[in-house]
K.L.:
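I have a structure I would like to understand better, so I am pasting it below and will then ask my questions one at a time.
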Amino acid sequence: MSARRHSRQGEFPPAPEALPVAVLDSHTHIDITLEGDGQNGPSTVADALDRAKAAGVDRLVQVGVDVESSRWGVQVAEEHPDVVATVALHPNDAPRQADLDGALREIERLAAHPRVRGIGETGLDYFRTGDDGRKAQHESFRAHISIAKRYGKTLVIHDRDAHDDILRVLDEEGPPDQVVLHCYSGDEAFARECLDRGYLLSFAGTLTFGNAKDLRAAAAITPLDGLLVETDAPFLTPVPFRGRPNASYLIPLTVRALAEVAGHDLDTLCAAISANGTRAFGEWR
């Protein structure tokens, strides 16, 4: 059982007003969304895509967290032109592997697929994994960086309570051309460190949470060419629906919050997010 493969219960929120310019969801888990116990949510991949398009979300990045979900994502990306995949072992999953080297070999095999555009989510998580699992996390993270560079893929980073070590490892290994900080969780100072290195910051529904003052300060100083948005569905549902299941059709809530926090015109922000998504993950079709 992966660190992330657990469901979200409750009723999915109503669809928000659609965005005026289409954007992408740069990080979602369609598989976990569909297998959850939420009511009135998407029932199939096609349904999830249709709901997203109706809200102005025309492209999705399906993110792998273990070998199983990575294989599934590649298959979905083959079948649906509006989906591309990333493949990885989640940092909390790495210490649980009986054969970490074997799992990493399978991730590398999948990385060669043309519909795989990113390696991640990988990184470090010091919140859920204690000291005894850090060696495996670091080994896995460094291996994923190497895979991303060998195959020319964007590195998608999970960082929880590990800001300094994330940057240290990236500086030591040398990053690939494109790096995305998934569900950006740092403050303004850390944002400047990441932006100075040319990394993209992807903001999730956490931006709308009442206790996210530092996160909003980071978003406010991030230039248009450094921004992405994501759901991390079915997790991190934006206010006013926090705690209910999330899905890609709810991206407009986060985009509008980001526009307000950063002082951007909504159309301009949407166009920038879309362009940044293409820069990070290529053309979908």
Side-chain angles (χ1 to χ4, degrees), residues 4 23-29 61 63-65 86-92 117-128 137-138 140-142 144-145 147-149 153-209 212-233 235-236 238 251 254-255 257-258 261-262 269 272-273 275-281:
R4 297 301 303 276
V23 302
L24 76 155
D25 183 350
S26 73
H27 192 113
T28 189
H29 304 281
V61 180
V63 174
V65 296
T86 75
V87 297
L89 307 179
H90 190 281
N92 289 327
R117 305 298 177 77
I119 305 302
E121 59 187 281
T122 183
L124 302 172
D125 188 318
Y126 294 166
F127 180 77
R128 294 194 183 279
Q137 281 200 355
H138 278 255
S140 179
F141 185 26
R142 291 177 189 272
H144 281 80
I145 294 170
I147 293 169
K149 290 193 291 186
K153 310 287 183 172
T154 291
L155 187 70
V156 178
I157 291 180
H158 172 104
D159 164 28
R160 190 163 187 186
D161 296 348
H163 304 330
D164 291 344
D165 279 355
I166 288 285
L167 292 183
R168 179 180 61 80
V169 172
L170 284 169
D171 289 347
E172 289 175 357
E173 294 292 324
D177 289 341
Q178 296 290 338
V179 175
V180 175
L181 272 293
H182 137 67
C183 187
Y184 181 78
S185 60
D187 59 11
E188 180 179 341
F190 183 60
R192 293 188 187 279
E193 291 276 1
C194 294
L195 293 167
D196 286 347
R197 290 167 169 79
Y199 303 161
L200 286 161
L201 309 185
S202 184
F203 290 91
T206 45
L207 184 75
T208 70
F209 293 0
K213 180 180 178 181
D214 287 348
L215 189 55
R216 287 187 284 274
I221 61 95
T222 303
L224 283 168
D225 64 0
L227 290 168
L228 286 171
V229 291
E230 63 176 83
T231 56
D232 198 21
F235 313 102
L236 306 181
I251 274 280
T254 301
V255 174
L258 182 58
V261 164
L269 175 60
I273 289 168
N276 294 340
T278 300
R279 173 158 56 95
F281 300 106

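Count residues from 1 along the sequence.
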K.L.:
Would you mind writing out the side-chain donor-acceptor pairs for residues 193-204 within the sub-3.5 Å range, not counting sequence neighbours?
P.N.:
unit_1, atom_1, unit_2, atom_2, d
E193, OE1, R197, NH1, 2.8
R197, NE, D171, OD1, 3.0
R197, NH1, E193, O, 3.0
R197, NH2, D171, OD2, 2.8
S202, OG, S26, OG, 2.9
S202, OG, E230, OE1, 2.8

K.L.:
Among all residues two or more places apart in sequence or in another chain, which pass the salt bridge (charged side-chain N to carboxylate O under 4.0 Å, His left out) test with R279?
P.N.:
none
K.L.:
State the CD1-CG distance between I157 and L181, to the nearest 0.5 angstrom.
P.N.:
5.5 Å
K.L.:
Does anything in residues 216-225 form a salt bridge (Lys or Arg N to Asp or Glu O under 4.0 Å)? List the pairs, not counting sequence neighbours.
P.N.:
none
K.L.:
Report the C-alpha distance between L89 and V65 in whole Å, list the side-chain angles of each, state the deciding distance to 0.1 Å, and finish with yes or no for side chain to side chain contact (heavy atoms under 4.5 Å, CB included).
P.N.:
CA-CA 5 Å; L89 307 179; V65 296; over 6 Å; no
K.L.:
Using side chain to side chain contact (heavy atoms under 4.5 Å, CB included), reason through L236 and T231 one step at a time and then give a plain yes or no.
P.N.:
CA-CA 7 Å; L236 306 181; T231 56; over 6 Å; no
K.L.:
Donor-acceptor check, side chain of K149 to backbone of G174, threshold 3.5 angstrom: yes or no?
P.N.:
yes
K.L.:
What closest approach, in Å, do H158 and P91 show between heavy atoms, and which atom pair accounts for it?
P.N.:
CD2-CG, 3.6 Å
K.L.:
Taking only residues two or more places apart in sequence, or in another chain, which ones meet F209 in a side-chain contact (heavy atoms from CB on, under 4.5 Å)?
P.N.:
T206, N211, A212, V239, R242
K.L.:
Taking all atoms of both residues into account, what is the closest heavy-atom pair of A280 and V180, and its distance?
P.N.:
CB-CG2, 4.4 Å
K.L.:
Does any part of the side chain of L228, heavy atoms only, come nearer than 4.5 Å to the side chain of L24, both counted from C-beta?
P.N.:
yes
K.L.:
Identify, with sequence neighbours excluded, every residue that meets side-chain contact (heavy atoms from CB on, under 4.5 Å) alongside D177.
P.N.:
none
K.L.:
Which pair of non-hydrogen atoms, one from T208 and one from P238, has the smallest distance, and what is that distance?
P.N.:
OG1-CA, 3.5 Å
K.L.:
Can you tell me how far apart CG (L170) and CD1 (I145) are? Round to the nearest 0.5 Å.
P.N.:
4.5 Å
K.L.:
Not counting sequence neighbours, which residues clear side-chain contact (heavy atoms from CB on, under 4.5 Å) with R168? List them please.
P.N.:
H138, R142, D165, E172
K.L.:
Roughly how far, to the nearest 0.5 Å, is the CG atom of N92 from the CG atom of L124?
P.N.:
10.0 Å
K.L.:
Specify the closest pair of heavy atoms between T254 and V229, including all atoms of both residues, with the distance to one decimal.
P.N.:
CG2-CG1, 4.4 Å
K.L.:
How many angstroms lie between OG1 in T222 and CD in E188, if you round to the nearest 0.5 Å?
P.N.:
9.0 Å
K.L.:
Kindly write out the residues that satisfy ring-ring contact (aromatic ring centres under 6.0 Å, His included) with Y126, not counting sequence neighbours, or none if the list is empty.
P.N.:
none
K.L.:
Just say parallel, tilted or perpendicular for the rings of F235 and H29, cut-offs at 30° and 60°.
P.N.:
perpendicular
K.L.:
Are any non-hydrogen side-chain atoms of V156 and T122 less than 4.5 angstrom apart?
P.N.:
no
K.L.:
What are the two closest non-hydrogen atoms of R128 and D125, and how far apart are they?
P.N.:
N-OD1, 2.9 Å
K.L.:
Mind checking the CG-CZ spacing from D164 to F190? Nearest 0.5 Å is all I need.
P.N.:
7.5 Å
K.L.:
Mind checking the CD-CG spacing from E121 to D232? Nearest 0.5 Å is all I need.
P.N.:
6.0 Å
K.L.:
Any side-chain to backbone donor/acceptor pair from Y184 onto A219? Under 3.5 Å, distance only.
P.N.:
no
